[in-house]
Structure formats: structure tokens, C-alpha cells
Number of protein chains: 2
Amino acid sequence: MTTETGRRVRRPGRGTGSLLEVAVGEFITRGYDATSMEDLSRAAGITKSSFYHHFSGKEALLRAALERALDRLFAILDEDGARTGSPLARLRHIVREQVEVLVDELPYVTLLLRVRGNTESERWALERRRAFDAQIATLVGEAVDAGEVRAGVEPTLAARLLSGLVNSVVEWVRPGRSSSSLPEDVTRVAFEGILPAAAP
Amino acid sequence: MTTETGRRVRRPGRGTGSLLEVAVGEFITRGYDATSMEDLSRAAGITKSSFYHHFSGKEALLRAALERALDRLFAILDEDGARTGSPLARLRHIVREQVEVLVDELPYVTLLLRVRGNTESERWALERRRAFDAQIATLVGEAVDAGEVRAGVEPTLAARLLSGLVNSVVEWVRPGRSSSSLPEDVTRVAFEGILPAAAP
DNA sequence: GTCTATAAATCGATAGAC
DNA sequence: GTCTATCGATTTATAGAC
């Protein structure tokens, strides 16, 4: 892509980092499979061959993006708030931080949540994601066993719906346009009910 | 695809209906963009050309599948339980029936929920889906105005998280393997909280 | 309604010059 | 680090015989 004066147009800085950023953007809007290397290089303002000089191919780009999202998510589990306190308190911390990461790394996490496991990189990412969800499910079970929550439904179902609710944020949140109270709001809804009956 | 005796293998009956069923299955497992007409015809046990005799192309198949899912969802809004009673009661009815449809039409609804609006058919489906969600959001607002629920968060956020929670069922439910109480369980979790604090 | 054969375009990826 | 040129495979879709 060139301007009318013939100068090249590349959006961010240089380096492989900005190429990854551009690629993830294309993957999100066109879908990974529907995005060609031609699309990527056009969006980056270089030729296809130049793009191959920085990344070995499409899947390497996907893998790098998924790794970034997963690393951010797993980092939450290492924080103090996720390791100390009651199971319920740790759960609330993790949920709040998870929303924070969703907003902060929106395109990367969005890509991760769309992965279905059709390539080697996707299966790798899917396994790590399931390990993350499994840790949350364990914590839900501990909160129930500790008598911290009313035992309404199966802990397994609760954990799945909790993840589903939290992850659905990527479907409508807009980068840079999210309220600073969103993580706390989502956490409150998740634990106190979306529409709790009014006290009589 | 042939058996060792040379007979053709086609899974269900004949007709365009079974071809659509086969195609949707392939779309789900491979992803729509990654599925070729060759893949579809191989899965159906006929040649590519024969497939084109029944459907004008890939997008016609997608459109037919999305229409089926949307018709089932909108039919819920016409039921008595969705039109009479308090806003909260109507909401609960819709959510329960929505889970029922998700399980009943799992592959079709799964496809619908993956649509991102990159083709004309996808944009059409996305608009109808948003209209469905908008009706639910309106109902949530009415329930809040009527004082039926504790006004905890913005009704808009509540409606989005409600849809997110409900739709996430397609991520893990397995056809024919879902508990008959699932719709009621999901509804209870959605309205009373995923992990409501235990009464002191 | 099914088939073989093929057109026309695009795909991911590479060779090799500068 | 960027480019032009191209390879071989695959893609959607059609022509036309049976």
C-alpha cells in the first residue's frame, strides 16, 4: 500500500512486534483461516516475502499471539490475591483480574477464545486454556466444600457458566472504551446474580 | 467415499436436508472458512459437482443453517410464557427455552454464535441475532423498572452478561448427553447467582 | 442426480537479486 | 530487510456426458 507520493504506509513502529499486532488485528476482523499472507503483508505495508523474513508463516504468528494471551492469564494465578485467603476471596480476585486482562489484551485474548483446535498450535493453546479453567473449577469446588456459597447447583456447572460469563466480555467490549469499574461490576454480577430477586 | 464392496456411504437419509446436516457438522469441526466444497462432498459421499446440484455454494449452506437457528430462537419470543406475566417471569421463561433450543439445535446455534459478519449472510444473521438480544435487554430494563430485581448494575451490562452466560452452554454441552434439568439449572444460576454467598 | 474433466483464481511458501 | 517472480497445491465453480 502506498500513498499518492509513493511513500510506504506502516501503522505502528517497526520490528516483529508491530507485525504481530497488525496480524492479530487482521485475524480478528477476517477470521484466521480467511486471512491470507497477502492480506497480512498489505495491512503491514510490506510484501509477502518481506513478511516471511520475520515470521516463518501464518501459524507462527498465531502461536505467538496465543502465547501472549495465555501468559497474561496464567500470571493472574501467581498473584498474591489468587494464592492467599479463602477460596471465595481468591475466586473473586481471579475473576476481577481476568476481566482486566481481557480488556487489556483484547485482540490476543479474543483470538484465544476463538481457537477450536484444528492445528498443532491451536491444540496447544486449547490445552493450556483448559488447564486455566480447571484451576478455577477446583477453586469453585473448594468454596462449596468450605460452605462459603449456597450449594445451588453442581460446582462443575457453576464453574463453566462462570467462565462463560466472564469470557463473553470480549464479544462487546471496545478497546479503550471500557469503564474502569467494569472488572468489579462483572465480578459482582457473577457472584451475586445477574438479576437477583428484589428483597420483599 | 466407498466401502470395500464399492457401495456408497451416506450417513443419514437423502435430500438436501441431510446434506445440510453433514455440511454443518463439517463447518463446526473444521471451521467454516477452512472447510472446502471438496471436504463437504467427501463427507456426504458424493462428488463436488453433485453437491453443487443441491446448493448453489458454500454460503447458501451457511445461510440455510443460520436461518434454522434464528427461526428457532425467535419462535421462543412468540410463546405464551414470553408474552404474559411479569417481566421477570417472562425473562426466566425465555432463558430456559433458549437453553432448550441451544441443546436441541446445537450444531446450528453453535454456527450462529461463531458468525462474525464477514459475508452478506453473516451480516444478515448478526443483525437478527442482535435484534433477539435487544428484546431481552428491553425485558431486563422493564424488570428493573418494575422493581422486581435489586438494581445492582446497569441493565445493559446485565443483559449482555446474561446472554453471554446462556450462550456459553454451546462451548461444552454434548448432543444427547445433557441433563434434562440443564435449562432449569442454567436459569437458576443466571438469576440467583453463580456462587451466591452462603446465608450467615 | 450423478459423474469426469477442467477452468480461473488464490493459497502458503520459496528462490534469488539488490 | 526488502523486493520481483514463480512454484505447486488447492480453491470455488462450471461444462457437459450419462
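Quick note on labels: first sequence line is chain A, next is B, and so on, each numbered from 1. Source: prediction; values computed, not measured.
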Taking only heavy atoms on the protein side, list every residue of residues 58-68 of chain A lying under 4.0 Å from any atom of DNA chain D, sorted numerically.
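Here the set is empty: none.
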Among dC3(D), dG12(C), dA13(D), the one nearest Lys48(A) by side-chain distance:
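Nearest to the side-chain atoms of Lys48(A), counting from C-beta on, is dG12(C).
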Nearest whole Å is fine: how far is [N] [atom2] from [X] [atom1]?
X: Phe51(B); N: dT4(C); atom1: CZ; atom2: P; result: 17 Å
X: Arg42(A); N: dT10(C); atom1: CZ; atom2: C1'; result: 12 Å
X: Met37(A); N: dA9(C); atom1: CE; atom2: P; result: 23 Å
X: Glu38(B); N: dA9(D); atom1: CD; atom2: P; result: 15 Å
X: Ile46(A); N: dC3(D); atom1: CD1; atom2: C1'; result: 11 Å
X: Arg30(B); N: dT11(D); atom1: CZ; atom2: P; result: 10 Å
X: Leu19(B); N: dT2(C); atom1: CG; atom2: C1'; result: 12 Å
X: Glu26(B); N: dT11(D); atom1: CD; atom2: P; result: 13 Å

Are Leu73(A) and Tyr108(A) packed together at the side-chain level, in the sense that at least one heavy-atom pair is separated by less than 4.5 angstrom?
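No; the side chains remain at least 4.5 Å from each other.
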Close side-chain approach of Leu165(B) to Ser168(A), heavy-atom, < 4.5 Å
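When only atoms from C-beta onward are counted, Ser168(A) and Leu165(B) do not touch, as no gap falls below 4.5 Å.
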With no hydrogens and no angle check, is any side-chain donor or acceptor of Ser41(A) less than 3.5 Å from a backbone partner on Glu38(A)?
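Looks like yes, one N/O pair under 3.5 Å.
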Any donor-acceptor pair under 3.5 Å linking the side chain of Lys58(B) with the backbone of Tyr32(B)?
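Checking the backbone N and O of Tyr32(B) against the side chain of Lys58(B), a donor-acceptor pair under 3.5 Å is found.
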Base, sugar-phosphate, or nothing: which does Ser41(B) touch, judged by heavy atoms less than 4.0 Å apart?
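Answer is nothing: Ser41(B) stays at 4.0 Å or more from every strand.
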Applying a 4.0 Å non-hydrogen cut-off, can you work out what Ser50(B) is touching in the nucleic acid: base, sugar-phosphate, or nothing?
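Base contact - Ser50(B) has a heavy atom under 4.0 Å of at least one base atom.
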How would you list all residue pairs meeting side-chain hydrogen bond (donor to acceptor under 3.5 Å, both in side chains) that involve residues 126-146 of chain A, not counting sequence neighbours?
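As it turns out, the side-chain hydrogen bond (donor to acceptor under 3.5 Å, both in side chains) pairs with a partner in residues 126-146 of chain A, which skip direct neighbours, are Asp71(A)-Arg128(A).
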Decide whether a cation-pi geometry holds between Arg92(B) and Phe191(B); the criteria are a distance under 6.0 Å from NZ or CZ to the six-membered ring centre and an angle within 45° of the ring axis.
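Yes, Arg92(B) and Phe191(B) form such a contact.
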Quick check on Asp80(B): does its CG atom have over 12 non-hydrogen neighbours (other residues, nucleotides or ligands) under 6.0 Å away?
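Incorrect, the count does not exceed 12.
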dT14(C) base / Ser49(A) side chain donor-acceptor hit below 3.5 Å
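For Ser49(A), whose side chain was compared with the base of dT14(C), there is a donor-acceptor pair (under 3.5 Å).
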Between Arg116(A) and Glu171(B), does any side-chain N to carboxylate O distance fall below 4.0 Å?
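Salt bridge flag = yes for Glu171(B) with Arg116(A).
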Rounding to 10°, can you tell me the angle the first-five-pair axis of the helix from dG1(C)-dC18(D) to dC18(C)-dG1(D) makes with its last-five-pair axis?
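The end axes of the helix from dG1(C)-dC18(D) to dC18(C)-dG1(D) are about 0° apart, to the nearest 10°.
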Using a cut-off of less than 4.0 Å, is there contact between a side-chain N or O of His53(B) and OP1 or OP2 of dC3(C)?
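His53(B) to dC3(C) OP1/OP2: no side-chain N or O under 4.0 Å.
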Is Thr47(A) close enough to dC3(D) that one of its side-chain N or O atoms is under 4.0 Å from OP1 or OP2 there?
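Indeed, a polar side-chain atom of Thr47(A) lies that close.
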Do Ser121(B) and Thr119(B) get their side chains close enough for a donor-acceptor pair, meaning under 3.5 Å?
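No pair is found: no donor N or O on one side chain lies under 3.5 Å from an acceptor on the other.
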